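Each chain gets a letter, A, B and so on, in the order the sequences are listed, and its residues count up from 1. Just so we're clear, the structure is a prediction, and the values are computed from it rather than from any experiment. The figures here come from the full heavy-atom set of this structure, side chains too, leaving out hydrogens, waters and symmetry mates.
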Number of protein chains: 2
Amino acid sequence: MGSSLKEIAERVGTSTASVSIYLNNRDTKRVSSAMKKKIDVAAKELNYRKNIFASSLSKSESKVIGILIPSNIPLFKNGYTNSLLSGIQSSLALKGYSLLFFPSSASSSKENVQEQLQNSAGCDGYILFSTGFCTMEHILWNIRELENTGKPFVTLNIPRVSKEVNQIIIEDLTSLRSLEYLLDAGHEKILLILGRTNGEHMQFILTEYRKILKQRKIPFDNRRIIYGNYSHKDTFLKVSNFLAVHRDISAICAMSDLMASSSLAAVKATGLTVPGDISIIGRNNSLYSELSDPPLSTLEMKIEDAGRSAADLLFEQITNPATCRKIFISGEIIERQSVNEKS
Amino acid sequence: MGSSLKEIAERVGTSTASVSIYLNNRDTKRVSSAMKKKIDVAAKELNYRKNIFASSLSKSESKVIGILIPSNIPLFKNGYTNSLLSGIQSSLALKGYSLLFFPSSASSSKENVQEQLQNSAGCDGYILFSTGFCTMEHILWNIRELENTGKPFVTLNIPRVSKEVNQIIIEDLTSLRSLEYLLDAGHEKILLILGRTNGEHMQFILTEYRKILKQRKIPFDNRRIIYGNYSHKDTFLKVSNFLAVHRDISAICAMSDLMASSSLAAVKATGLTVPGDISIIGRNNSLYSELSDPPLSTLEMKIEDAGRSAADLLFEQITNPATCRKIFISGEIIERQSVNEKS
DNA sequence: AACTATAGGTTAATCGCTTAACTTATTTGC
DNA sequence: GCAAATAAGTTAAGCGATTAACCTATAGTT
């Protein structure tokens with residue numbers, strides 16, 4: 001049964017203060033060693049465990065970080081998000097912080113975060129996630145709400161925000177560095193495989209795409225964009241259909257390793273070879289790219305680093321509230337065996 | 001800034017009781033509609049957010065479930081654990097529960113759980129994870145500690161425990177159903193790829209292995225067991241080395257899809273074909289198996305179902321403390337294109 | 001007119017832990 | 001021998017929200 005400090009104090013005949021003082025600092029000189037022993041015995045016998053809610057309330061410090069996620073689809077399913085979380089957790093755990101994930105039931109990203117925030121005052125800080133589905137308006141709204149809490153927070157996974165907000169900016173979230181790599185290798189006719197048609201991230205990427213094409217004086221061709229929905233089946237089908245009609249491309253640039261893998265399967269199924277006939281590059285350096293045959297070149301985005309940085313920046317804020325900076329995480333191309341120079 | 005009920009009450013000229021009553025039940029008749037409006041305005045202006053620690057302490061109910069993990073290696077990195085967590089979270093979120101992950105710094109699984117439990121009284125329930133590294137002794141110790149808290153809990157990912165403990169038993173955690181599938185297909189000379197040499201789970205599997213061989217009157221051959229460490233490189237290397245010497249096997253049974261994928265790569269590298277020369281089966285039905293060329297048959301373990309069941313069972317216990325049962329999750333073979341009948 | 005409901009509150013104790021401030025007895029220093 | 005230091009406590013006021021129990025005024029009933 002859950003016992004309290006009071007019960008221990010009564011049993012050993014002292015005040016709760018002494019018990020609390022001792023249990024929070026075993027080296028304290030304010031409790032005699034005889035008393036220390038008695039408290040230890042009583043605590044064990046009574047199965048004492050500190051109530052985190054009482055302690056946090058009393059100290060006005062909880063050592064708990066709230067993770068705000070603007071969606072109510074099941075968590076821990078997305079490899080990308082998991083990497084971020086892994087980075088965050090590994091760094092915060094070292095500093096003694098717990099992570100709290102709230103439920104939410106709303107349908108919009110704005111309301112989800114609001115709902116999560118509504119009942120979570122008392123956390124020492126927050127990390128605000130975003131997804132490609134959050135509109136810039138919702139993101140800014142959520143940031144405003146967070147500012148109002150007066151608590152430290154860091155935003156993750158969103159494009160740069162001009163506000164003075166602590167922010168981790170994953171540069172390659174909206175870059176097309178892998179496309180440029182293919183272009184630099186001499187490819188011009190490239191099939192671009194994006195994630196979904198909606199969502200802000202893809203809009204940024206499309207804008208970037210047009211910019212790069214213009215720079216290189218390559219005409220924009222709408223047919224050379226496919227939306228794979230981050231799904232194996234969708235991508236395989238759409239790429240197969242594409243190749244059935246257009247055989248003139250020399251490379252495929254996919255916005256995820258999964259979609260790159262699926263594209264690879266589709267290319268092989270048509271009898272073409274990689275990288276002989278078609279070069280392929282993925283994104284995220286997940287195991288899919290390493291396990292493919294041939295192993296796929298990819299854009300390593302350093303997601304876990306981003307998570308760790310977010311945690312570090314949050315911690316910095318907790319210890320020094322004046323902290324205000326943006327940390328940029330930039331990735332790098334991992335060269336494997338799926339891209340040839342185009343002569 | 002974080003405001004309190006008291007500040008709202010003062011601003012609108014009422015008691016904290018009224019404010020609390022209204023905010024917890026907007027339809028209450030104990031607050032006039034004029035007062036309701038005033039409270040709404042004040043709450044908005046003062047950016048009121050309920051303090052989860054104060055509220056939980058007061059109600060002796062937190063709507064928080066503690067997730068106990070007997071290791072301090074970074075979380076969210078393991079696909080298997082992530083599936084469990086995803087199942088848990090999806091079910092508990094629907095019921096309004098938050099998930100709390102504690103930090104821990106100890107070196108043994110026993111101490112890790114103890115440390116996490118030590119400061120977490122007040123949660124409404126716990127889910128105890130295990131890993132293949134936990135010894136049965138540590139597991140039982142942790143269960144005893146949990147029983148002492150008097151709080152509902154469920155154990156996950158461990159072999160069946162005779163104690164009267166609520167438990168989700170993932171049958172294929174310690175089964176060799178995929179091996180039997182190969183045997184049934186006529187294969188006899190099979191290379192078994194296990195995870196690590198240490199850890200209880202593998203011991204269970206080894207025992208099972210010997211049992212199955214004895215039943216089928218197949219001699220045990222120590223050389224036909226490889227430990228791939230769940231690592232692509234290790235597995236690839238070890239399987240390559242194996243094949244350089246022994247070409248007489250007709251099938252490979254791997255305890256993870258990743259290791260199955262790596263084996264596939266190794267087999268292909270030696271010039272042999274799958275499933276022509278060698279059949280391969282994996283475990284866990286992860287995307288690796290689906291994306292391989294050829295797609296790998298695998299043992300789907302229904303991990304997410306297990307997570308969901310754990311959540312449901314925990315919830316049942318919270319609402320009815322007398323609950324005591326074990327739920328068995330059994331998987332099924334997913335047939336793809338990596339296994340041939342052996343004639 | 002007397003009685004009961006009901007609306008619309010308020011009071012104050014409580015959840016379990018922490019901590020500043022106070023107390024008292026015993027040592028230690030010089 | 002006396003002041004100062006130290007050891008070993010205790011007291012009591014919070015932290016912020018909840019809730020059982022109580023209160024008063026008005027409306028409705030018979």
**Study point:** Sugar-phosphate, base or nothing in reach of B:S56, heavy atoms under 4.0 Å
**Key:** nothing

Practice item. Applying side-chain hydrogen bond (donor to acceptor under 3.5 Å, both in side chains) between A:Q317 and each of A:D312, A:N166, A:D124, report the one that passes. Key: A:N166

Exercise for review: Look at atom CD of B:E10 and say whether more than 12 heavy atoms of other residues, nucleotides or ligands are closer to it than 6.0 Å.
Suggested key: yes

Check your understanding: Checking only heavy atoms, does the side chain of A:R30 share a donor-acceptor pair with the base of D:dT10 at less than 3.5 Å?
Key -> yes

Study note, to complete from the structure: Considering only heavy side-chain atoms of B:S55, the closest of C:dG9, D:dT18, D:dG9 is D:dT18

Check your understanding: Atom NZ of B:K37 and atom P of C:dG8: how far apart are they, to the nearest Å?
Key -> 13 Å

Exercise for review: Identify which nucleotide among D:dC15, D:dT10, D:dA8 has an atom closest to any side-chain atom of A:S60, counting heavy atoms from C-beta outward.
Suggested key: D:dC15

**Study point:** Euclidean distance, atom CD1 of residue B:I52 to atom C1' of C:dC15 [Å, nearest integer]
**Key:** 15 Å

Review point. Counting side-chain heavy atoms from CB outward, which of D:dT18, C:dC17, D:dT10 is closest to A:S20?
Key: C:dC17

Point to revise | Minimum side-chain heavy-atom gap A:S309-A:I329 below 4.5 Å | key: yes

Exercise for review: Measure from CZ on B:R49 to C1' on D:dG16 and round the result to the nearest Å.
Suggested key: 16 Å

Review point. Has B:K163 got more than 12 heavy atoms of other residues, nucleotides or ligands less than 6.0 Å from its NZ?
Key: yes

Revision key, fill the gap. Ranking A:L5 and B:K29 by the position along DNA chain C of their nearest nucleotide, the one closer to 5' is B:K29

Review point. Considering only D:dT18, D:dG9, C:dT10, which nucleotide approaches the side chain of B:K59 most closely?
Key: D:dT18

Study note, to complete from the structure: Checking C:dT18, D:dT10, D:dG16 against the side chain of A:S15 (C-beta onward), the nearest is D:dT10

Review point. Is the phosphate of D:dT18, meaning OP1 or OP2, less than 4.0 Å from a side-chain N or O of B:N24?
Key: yes

Check your understanding: Quick one: which of D:dG16, C:dT18, D:dT10 gets closest to the side chain of A:T16?
Key -> C:dT18

Study note, to complete from the structure: A:K50 NZ to C:dC17 P, in whole Å, measures 9 Å

Review point. In whole angstrom, what separates B:E10's CD from D:dA17's P?
Key: 12 Å

Revision key, fill the gap. Picking from C:dG9, D:dT10, D:dA17, the nucleotide nearest the side-chain atoms of B:S32 would be C:dG9

Review point. More than 12 heavy atoms of other residues, nucleotides or ligands under 6.0 Å from CG of B:L94: is that the case?
Key: yes

Practice item. Find the distance B:K38:NZ to C:dG8:P and express it as a whole number of Å. Key: 14 Å

Check your understanding: With a 4.0 Å cut-off, would you call B:R11 and B:E7 a salt bridge?
Key -> no

Exercise for review: Between C:dC15, C:dT10, C:dG16, spot the one nearest the side chain of B:S18, thanks.
Suggested key: C:dT10

Revision key, fill the gap. Out of D:dT10, D:dG16, C:dT10, minimum distance to the side chain of A:A17 belongs to D:dT10

Review point. In whole angstrom, what separates A:F53's CZ from D:dA17's P?
Key: 15 Å

Revision key, fill the gap. Winner on side-chain proximity to B:A54, out of D:dG9, C:dT18, D:dA17, is D:dA17

Check your understanding: Rounded to whole angstrom units, what separation is found between the OH atom of B:Y22 and the P atom of D:dT18?
Key -> 14 Å

